[in-house]
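Presented below is the structure to which this report refers.
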Amino acid sequence: MDTFFISHGSPSMSIDETVPARHFLKSWREKVLPEKPKAILVVSAHWETSNPSVNVIDGPNSTIYDFYGFPKPMYQLKYPAPGAPALAKRVVGLLKGAGLGPVKEDKARGLDHGAWVPLMLMYPDSDIPVCQLSVVARKDATYHYEMGRALGPLRDEGVLVVGSGSATHNLGDTGPDGAPIPLWASGFDKWLTETLLMEDTRM
């Protein structure tokens with residue numbers, strides 16, 4: 001099972017047919033990953049904690065509307081994918097085994113929009129068990145790289161691991177449609193593209 005980073009895009013992608021990424025995600029099972037995962041682990045940029053946290057949900061996940069000022073129909077969407085308590089416990093064990101603990105088990109938190117917005121397009125039947133892992137805001141990239149290494153065995157266990165966020169994200173610096181892209185955003189996007197393509201040629 002491959003591991004993916006998916007830019008979750010604007011929450012409006014959940015209802016706006018004009019967003020190109022929406023159509024890409026809806027074609028996910030046909031064009032990207034035909035094999036159905038046994039479970040899904042989402043590492044969402046919209047869940048930041050001081051120590052790793054995993055939601056351990058026995059039953060359907062609740063849907064978290066962690067956005068403001070969007071059309072009312074978006075707040076009526078539900079993605080009641082079953083929780084994945086066995087996977088959550090496995091994640092806890094792998095992280096602790098790699099010396100990346102303590103790891104909190106959150107038994108109440110549902111799925112934020114970094115998880116359910118892309119998943120409702122990728123797997124609309126909401127029948128695959130899902131759990132989330134937080135981003136540890138005060139730790140650096142090396143720490144999170146080690147988290148990824150620790151979670152590597154999940155790939156061989158039929159688990160789809162998805163990193164969800166955006167390459168750049170600052171809604172306060174976003175102008176109206178057609179406004180110039182801020183230089184810090186376009187500059188980083190250019191660097192990221194060139195770096196990834198360079199790494200791809202080395203493989």
Side-chain angles (χ1 to χ4, degrees), residues 3-16 19 21-22 24-26 28 37 39-57 60-85 87-88 91-92 95 100 103-124 126 128-141 143-145 147-148 150-151 154 159-174 182 184-185 188-189 192:
T3 299
F4 296 88
F5 172 80
I6 296 174
S7 179
H8 61 68
S10 166
S12 62
M13 181 169 64
S14 59
I15 62 170
D16 188 348
V19 178
R22 174 183 172 90
F24 166 73
L25 291 174
K26 290 186 75 171
W28 183 263
I40 301 172
L41 173 65
V42 180
V43 185
S44 169
H46 287 274
W47 188 15
E48 295 184 355
T49 57
S50 56
N51 289 301
S53 296
V54 182
N55 70 333
V56 186
I57 304 299
N61 277 289
S62 61
T63 304
I64 301 174
Y65 306 101
D66 51 336
F67 44 78
Y68 308 96
F70 286 87
K72 185 177 179 180
M74 292 171 54
Y75 299 92
Q76 298 169 344
L77 296 171
K78 303 287 185 185
Y79 191 74
L87 171 59
V91 170
V92 171
L95 294 180
L100 299 171
V103 183
K104 179 182 178 182
E105 298 183 21
D106 190 320
K107 299 186 178 180
R109 194 180 195 280
L111 302 177
D112 61 53
H113 83 272
W116 67 262
V117 167
L119 289 181
M120 72 175 292
L121 301 172
M122 297 161 65
Y123 300 104
S126 62
I128 301 174
V130 180
C131 73
Q132 277 196 235
L133 170 64
S134 68
V135 171
V136 186
R138 296 182 180 178
K139 298 291 188 180
D140 60 13
Y143 177 88
H144 287 90
Y145 177 80
M147 288 179 72
L151 298 173
L154 296 177
V159 175
L160 172 62
V161 180
V162 174
S164 171
S166 292
T168 61
H169 191 305
N170 184 355
L171 293 179
D173 201 19
T174 301
W184 62 265
F188 180 77
D189 188 64
L192 182 62

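Positions are given from 1, in the same order as the sequence printed here.
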Report the residues that fulfil side chain to side chain contact (heavy atoms under 4.5 Å, CB included) with Tyr75, sequence neighbours left out, ordered by chain and then residue number.
Tyr65, Phe67, Phe70

Among Val162, Thr3, Leu133, which one satisfies side chain to side chain contact (heavy atoms under 4.5 Å, CB included) with Val43?
Leu133

Decide yes or no on side-chain contact (heavy atoms from CB on, under 4.5 Å) for Val136 and Asn51, but give the supporting numbers first.
CA-CA 6 Å; Val136 186; Asn51 289 301; 5.6 Å; no

Donor-acceptor contact present, side-chain Arg22 to main-chain Met13, <3.5 Å:
yes

Residue of the set Ser164, Ser53, Ser44 for which side chain to side chain contact (heavy atoms under 4.5 Å, CB included) holds with Gln132
Ser44

Rounded distance (nearest 0.5 Å) linking atom OG1 of Thr63 with atom CG of Asp112
10.5 Å

Heavy-atom closest pair, residues Ala88 and Val56
CB-CG2, 3.7 Å

Measure the spacing between CG of Leu111 and CH2 of Trp47 and express it to the nearest 0.5 Å.
10.0 Å

Can you list the residues that meet the side-chain hydrogen bond (donor to acceptor under 3.5 Å, both in side chains) rule with Glu105, with sequence neighbours excluded?
Lys89

What one should report as the nearest heavy-atom pair of Arg109 and His46 is NH2-O, 3.5 Å

Reported CD1-to-CD1 distance for the pair Ile128 and Ile40, which is rounded to 0.5 angstrom:
4.5 Å

Quick one: list whatever passes ring pair (Phe, Tyr, Trp, His ring centres under 6.0 Å) with Phe188, sequence neighbours left out.
Trp191

Rounded to the nearest 0.5 Å, what's the gap from CD1 on Ile64 to OH on Tyr79? Could you check?
14.5 Å

Nearest 0.5 angstrom please: Leu41 CG to Leu87 CG, how far?
5.5 Å

Output all residues satisfying ring pair (Phe, Tyr, Trp, His ring centres under 6.0 Å) with Phe5, sequence neighbours left out; order by chain, then residue number.
none

Ile6 vs Leu25 side-chain heavy atoms within contact, under 4.5 Å:
yes

Test side chain to side chain contact (heavy atoms under 4.5 Å, CB included) applied to Ile57 - qualifying residues, sequence neighbours left out:
Asn55, Asn61

Residues passing the side-chain hydrogen bond (donor to acceptor under 3.5 Å, both in side chains) test with Thr168, sequence neighbours excluded, are none

side-chain hydrogen bond (donor to acceptor under 3.5 Å, both in side chains) filter on Ser126, not counting sequence neighbours, yields none

For Ala150, all residues meeting side chain to side chain contact (heavy atoms under 4.5 Å, CB included), sequence neighbours excluded
Leu95, Ala98, Leu100

So, using side chain to side chain contact (heavy atoms under 4.5 Å, CB included) as the criterion, who are the partners of Pro71 when residues are at least two apart?
Ile15, Pro73, Met74

Going by the rule side-chain hydrogen bond (donor to acceptor under 3.5 Å, both in side chains), which residues pair with Thr49 if we only count those two or more places apart in sequence or in a different chain?
Ser134

May I ask you to check whether Phe4 and Trp28 place their ring centres under 6.0 Å from each other?
yes

Please enumerate all residues that pass salt bridge (Lys or Arg N to Asp or Glu O under 4.0 Å) together with Asp106, with sequence neighbours excluded.
none

Evaluate side-chain contact (heavy atoms from CB on, under 4.5 Å) for Lys104 paired with Val54, printing each intermediate quantity in order.
CA-CA 6 Å; Lys104 179 182 178 182; Val54 182; over 6 Å; no

